[in-house]
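Contents: one structure, followed by commentary.
Convention: sequence-line order gives letters A, B, ...; per-chain numbering from 1.
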Protein chains: 2
Amino acid sequence: MTDTRLTRSEAKDLTRRRLIRAALAILDEEGEAGLSTVKVAKAAGIAQSSFYVHFKDMQELLRVLADEGGERLFEAMRAARRKAREAPDDLERHRDTFRIPLVAICRHPELLRIQLRARYDPSSSLRDFAVATAAAHREHHAADLAALGYTADDERDRRRLEMIAEGINAATNALAMGHLEGRYPDLDEAADILTALSRGALRLLRSTSAKTTPAEADVISEPPARS
Amino acid sequence: MTDTRLTRSEAKDLTRRRLIRAALAILDEEGEAGLSTVKVAKAAGIAQSSFYVHFKDMQELLRVLADEGGERLFEAMRAARRKAREAPDDLERHRDTFRIPLVAICRHPELLRIQLRARYDPSSSLRDFAVATAAAHREHHAADLAALGYTADDERDRRRLEMIAEGINAATNALAMGHLEGRYPDLDEAADILTALSRGALRLLRSTSAKTTPAEADVISEPPARS
DNA sequence: AATTTCACCGATAGTACTATCGGTGAAAAT
DNA sequence: ATTTTCACCGATAGTACTATCGGTGAAATT
């Protein structure tokens with residue numbers, strides 16, 4: 001058995017980690033409004049005043065939380081991209097581009113929930129983090145799409161690729177939350193939808209990349225044949 | 001000139017409306033956390049204690065706000081659907097299905113902002129409203145898609161249609177916010193992207209509506225020809 | 001062994017907000 | 001003309017939280 005005795009700095013670090021964990025849990029369960037030094041300290045098992053031994057104020061704790069969350073998110077994203085690149089063929093790679101983020105989100109739903117809340121909330125200390133995270137996601141996704149062969153050459157196409165990435169990301173988040181809420185039990189089905197959504201958009205990109213007209217000619221849809 | 005003299009009930013109603021307006025403005029600018037009876041009453045030009053002449057508490061004001069906002073939103077949605085139905089041909093109708101909601105959102109961005117914030121915030125009094133609004137949007141959109149000919153017969157297809165509607169709605173919101181943030185200056189471009197996104201998804205729906213296999217056979221994409 | 005350090009404690013002053021109270025004057029009812 | 005009603009006011013008790021302070025004991029240093 002290892003020594004259960006801890007040095008002072010080890011004990012301090014442990015308490016600090018407990019505070020961060022407690023804050024994350026409360027943030028997820030009650031939202032930013034439910035967060036207070038009283039609750040966090042109590043949940044971590046120390047006195048309210050001792051909170052200030054570890055953090056200057058709640059803002060600082062949230063900053064640390066955002067940094068760590070961002071790190072975890074980026075690591076998950078990197079891993080997902082690496083994994084998708086290893087897919088055997090183009091088709092699998094395309095599907096994985098959408099399925100893997102879904103799975104990653106559902107593994108740590110609290111990070112997405114917190115991000116979605118903070119994203120448009122001017123009172124949130126995490127807003128900058130949320131906006132930055134969303135922007136990073138958007139760029140990474142645009143890069144993924146570019147890697148699938150849909151590079152954009154001119155200004156308009158670049159903007160379109162960005163819009164597609166943003167739209168798909170929003171859809172990914174929405175479907176992931178729907179899955180977590182129990183509405184869409186099968187993640188693979190959701191991934192199929194996302195794959196199809198992106199195909200449609202990229203088809204537009206491709207069909208008009210050389211022309212200057214709005215050109216919807218080759219994507220006009222007729223209603224499906226009913227059985 | 002009409003009589004500027006107001007009856008007591010007219011004056012009271014005016015004050016009530018000022019409170020609601022003030023609350024909406026503060027909610028949009030500072031978020032739910034920035035809302036207090038002090039600020040709202042002051043902004044409406046009355047004493048803090050007089051707030052309670054009009055509302056039992058802040059919750060009640062928010063409930064009223066949600067009711068009125070929901071009413072406005074539903075009216076806008078109804079009008080948009082009516083307008084889209086009047087489009088001359090299928091192509092225009094399809095585009096309008098996506099462009100009109102975008103325009104509607106950008107006309108009253110505060111409602112969407114408030115809704116997006118409250119949607120996943122457990123501490124928000126407006127959460128129920130936001131969830132209900134999102135669900136209504138989803139259903140309406142699914143109905144719109146069905147009206148375009150993409151009816152779903154079995155359970156799986158219905159779920160898929162719902163997922164597509166939810167995904168497209170999320171993308172619509174995201175692009176609208178992107179437009180309001182200045183990233184996507186042209187709403188028509190955004191509408192094109194949404195149209196294309198939905199086409200891709202509906203193509204999937206159509207291609208597999210009679211089969212039981214995942215069947216991506218006819219939607220395999222090859223990278224676009226580079227110039 | 002003596003001294004210093006410091007993570008943690010309880011107490012508390014300060015801040016912001018909620019919700020109630022009695023008072024006031026003008027509108028409304030009699 | 002008199003009385004009643006009531007929208008609004010200022011004052012204030014109560015609540016929840018923040019952030020600081022001096023004190024304490026065990027770990028760390030000397």
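Distance B/L19 CG to D/dA7 C1': 12 Å, rounded to the nearest Å. Atom CZ in A/R16 sits roughly 17 Å away from atom C1' in C/dC8 (whole-Å rounding). Whole-Å rounding puts the A/L35 CG to D/dA16 P distance at 17 Å. Straight-line distance from the CZ atom of B/F51 to the P atom of D/dG10: 17 Å, rounded to whole Å. Rounded to whole Å, atom C1' of C/dC8 lies 18 Å from atom CD of A/E10. The CD-P distance, from B/Q48 to C/dT20, rounds to 11 Å in whole Å. If you measure from atom CZ of B/F55 to atom P of C/dT20, you get 16 Å, rounded to the nearest angstrom. Across the protein-nucleic acid pair, B/E32 atom CD and C/dC17 atom C1' stand 16 Å apart, rounded to whole Å.
In this structure, D/dC17 and C/dG14 make a Watson-Crick or G-U wobble pair, each of the two defining distances being under 3.5 angstrom. Base pairing of C/dG22: its partner is D/dC9, meeting the Watson-Crick or G-U wobble criterion (both donor-acceptor distances under 3.5 Å).
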Give every donor-acceptor pair under 3.5 Å between a side-chain atom in residues 30-37 of chain B and any protein atom, sequence neighbours left out.
residue: B/E30; atom: OE1; partner: B/K39; partner atom: NZ; Å: 2.7
residue: B/E32; atom: OE1; partner: B/S124; partner atom: OG; Å: 2.7
residue: B/E32; atom: OE2; partner: B/S124; partner atom: OG; Å: 3.4
residue: B/E32; atom: OE2; partner: B/S125; partner atom: N; Å: 2.9
residue: B/S36; atom: OG; partner: B/K39; partner atom: N; Å: 3.2
residue: B/T37; atom: OG1; partner: B/Q48; partner atom: NE2; Å: 3.1

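Comparing A/D57 and B/I46 along DNA chain D, the residue whose closest nucleotide (by nearest heavy atom) sits nearer the 5' end is B/I46.
Applying the 4.0 Å criterion to OP1 and OP2 of D/dC8, one finds that B/T15 has a side-chain N or O inside that range. Contact check, B/S50 against D/dC9: a side-chain N or O comes under 4.0 Å of OP1 or OP2. Taking 4.0 angstrom as the limit, A/T37 places a side-chain polar atom (N or O) nearer than this to OP1 or OP2 of D/dT18.
For A/R8, the listed nucleotide lying nearest its side chain is D/dA27; candidates were C/dT18, C/dG10, D/dA27. With D/dA7, D/dA19, C/dT18 as the candidates, the nucleotide lying closest to the side chain of B/K12 is D/dA7. Side-chain proximity of B/K39 to C/dC17, C/dT20, C/dA11: nearest is C/dC17. Of the candidates D/dA19, D/dG10, C/dC8, the closest approach to any side-chain atom of B/S49 belongs to D/dG10. Of the candidates D/dG10, C/dC9, D/dA11, the closest approach to any side-chain atom of B/A47 belongs to D/dG10.
Few gaps surround CZ on A/R78; more than 12 heavy atoms of other groups in view lie less than 6.0 Å from it.
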Hey, what are the protein-to-nucleotides 1-3 of chain D N/O distances that come in under 3.5 Å?
none

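Here the shortest heavy-atom pairing between B/T172 and B/L102 reads O-CD2, 3.6 Å. Pairing each heavy atom of A/G167 with each of B/L175, the nearest pair is N-CD2, 4.5 Å.
Side-chain contact, B/H141 with B/N169: a donor N or O sits under 3.5 Å from an acceptor N or O.
When side chains are defined from C-beta on, A/D121 does not count as touching B/L116, because their heavy atoms never get closer than 4.5 Å.
Using the six-membered ring where Trp is involved, A/F74 and A/H140 have ring planes that are perpendicular, over 60° apart on the 30 and 60° scheme.
Between A/D96 and A/K83 there is no salt bridge, since none of the side-chain N atoms of the basic residue sits less than 4.0 Å from a carboxylate O of the acidic one.
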